[in-house]
Protein chains: 2
Amino acid sequence: MSKKYKSDAMAAIHEMMEDLHVGGVIDKQTMRRFDDACLTPIRPLKPEEIKAIREREHVSQAVFANYLNVTSSLVSKWERGEKRPSGASLKLLSLVEKNGLATVA
Amino acid sequence: MSKKYKSDAMAAIHEMMEDLHVGGVIDKQTMRRFDDACLTPIRPLKPEEIKAIREREHVSQAVFANYLNVTSSLVSKWERGEKRPSGASLKLLSLVEKNGLATVA
DNA sequence: CCATTCTATAGCACTAGGTGACATAGTTCA
DNA sequence: TGAACTATGTCACCTAGTGCTATAGAATGG
């Protein structure tokens, strides 16, 4: 049992699906939908929601920013609605919202 | 035992540190260093490294992009060195590199 | 064998997200 | 009182990221 259990499991599942696909059991369309299906849904977060997420974790804007690898001024702008988080930023925030700050540590 | 174990644990640890701080055992400097200390170090990733990370997970650029909530063209640019991932993107990639794709699903 | 789909690369125009630095003000605390 | 932490604010800058479209090779399927 390695430490990369989740990663290996992911690879294993994908390989199994790949085998099913090669075997003609499923097509690539389904294969792709399978990949998309197991993702956490991303919805645009309101400024208050972002602030709520941060305060739920009991951290300052500066510390929160460090976790996300962004500047603290940007976090401030998110929470005031001056800027809205985009692709990767929104994904990270969604992860924190669902699973907590520790999962992105 | 709730599902938010990690998050609660994080909050608990922070509250404990906060108590220590209030009690005068540690100062805010140390408090801040504590927060920074438990983060996965972020280093700039080379194009080949990004491609290696993706191929290790056995997914196409399109699927990989979906996981990170970015466009597939951007992933292509990352791997060819046309664009370099920044703050939140770099954090996400680092997470995938360390813990696997499943942890950001 | 041909048609289709997936794949990755490529180019281009646009825009807004993110950076950095610095100033301000309220607060907590030695 | 002074020092450090907090959040907000502003300003200028710029590049990361988007969206669309086109291309070409490889893999697949009928």
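Lettering of chains follows the sequences in order, A, B, ..., and the numbering in each one begins at 1.
Taking 4.0 angstrom as the limit, A/T71 places a side-chain polar atom (N or O) nearer than this to OP1 or OP2 of C/dT19. When the side-chain nitrogen and oxygen atoms of B/S89 are compared with OP1 and OP2 of D/dG17, one or more of them lie within a distance under 4.0 Å. Neither OP1 nor OP2 of C/dT7 sits under 4.0 Å from any side-chain N or O of B/R54. A close approach under 4.0 Å does not occur between any side-chain nitrogen or oxygen of A/Q61 and OP1 or OP2 of D/dC5. Close to D/dT18, at under 4.0 Å from its OP1 or OP2, lies no side-chain N or O of B/S73.
Remark: P of C/dG18 and CG of A/L92 are 10 Å apart, rounded to the nearest angstrom. Taking atom CD on A/E55 and atom P on D/dT6, their separation rounds to 13 Å, with Å as the unit. A straight line from CG of A/N66 to P of D/dT6 spans 11 Å, rounded to a whole angstrom. Put simply, CG on A/L93 is 13 Å from P on C/dG17, counting in whole angstrom units. Distance A/R84 CZ to D/dG17 P: 18 Å, rounded to the nearest Å.
Judged as a side-chain hydrogen bond (donor to acceptor under 3.5 Å, both in side chains), and not counting sequence neighbours, the contacts of B/E79 are B/R54, B/Q61. Take B/E55 and apply the side-chain hydrogen bond (donor to acceptor under 3.5 Å, both in side chains) test, not counting sequence neighbours, and it matches no residue. Take A/S76 and apply the side-chain hydrogen bond (donor to acceptor under 3.5 Å, both in side chains) test, not counting sequence neighbours, and it matches A/R80. Residues satisfying the side-chain hydrogen bond (donor to acceptor under 3.5 Å, both in side chains) criterion with B/T71, sequence neighbours excluded, are B/S73. Partners of A/R84 by salt bridge (Lys or Arg N to Asp or Glu O under 4.0 Å), not counting sequence neighbours: none found.
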For DNA chain C, the dot-bracket notation using Watson-Crick and G-U wobble pairs below 3.5 Å, [ ] for pseudoknot-type crossings and | for other-strand pairs, is ||||||.|||||||||||||||||.|||||
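Here the shortest heavy-atom pairing between B/L68 and B/V96 reads CD2-CG2, 4.2 Å.
Separating the NZ atom in A/K91 from the OG atom in B/S89 is a distance of 13.0 Å, to the nearest 0.5 Å. In this structure, CG on B/L93 lies 5.5 Å from CZ on B/F64, to the nearest 0.5 angstrom. From B/K77, atom NZ reaches atom CD1 of B/I50 across 13.5 Å, with rounding to the nearest 0.5 Å. Of the inter-residue distances, the one linking A/I53 atom CD1 with A/K98 atom NZ reads 9.5 Å to the nearest 0.5 angstrom.
Within residues 74-83 of chain A, the residues having any heavy atom closer than 4.0 Å to DNA chain C are, in order of number, A/L74, A/K77, A/W78, A/K83. DNA chain D is contacted by no residue of residues 44-52 of chain B, taking any non-hydrogen atom closer than 4.0 Å.
Comparing C/dT19, C/dA8, D/dA7 against the side chain of B/S60 picks out C/dA8 as the nearest.
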After noting the C-alpha distance and the side-chain angles of B/N69 and B/L92, does the key distance pass the side-chain contact (heavy atoms from CB on, under 4.5 Å) rule?
CA-CA 10 Å; B/N69 195 36; B/L92 261 183; over 6 Å; no
Applying side-chain contact (heavy atoms from CB on, under 4.5 Å), run through A/R43 and A/L45 and close with a yes or a no.
CA-CA 6 Å; A/R43 75 159 188 287; A/L45 294 174; 3.9 Å; yes
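Within the 4.0 angstrom heavy-atom criterion, no nucleotide atom of any strand lies near B/S72.
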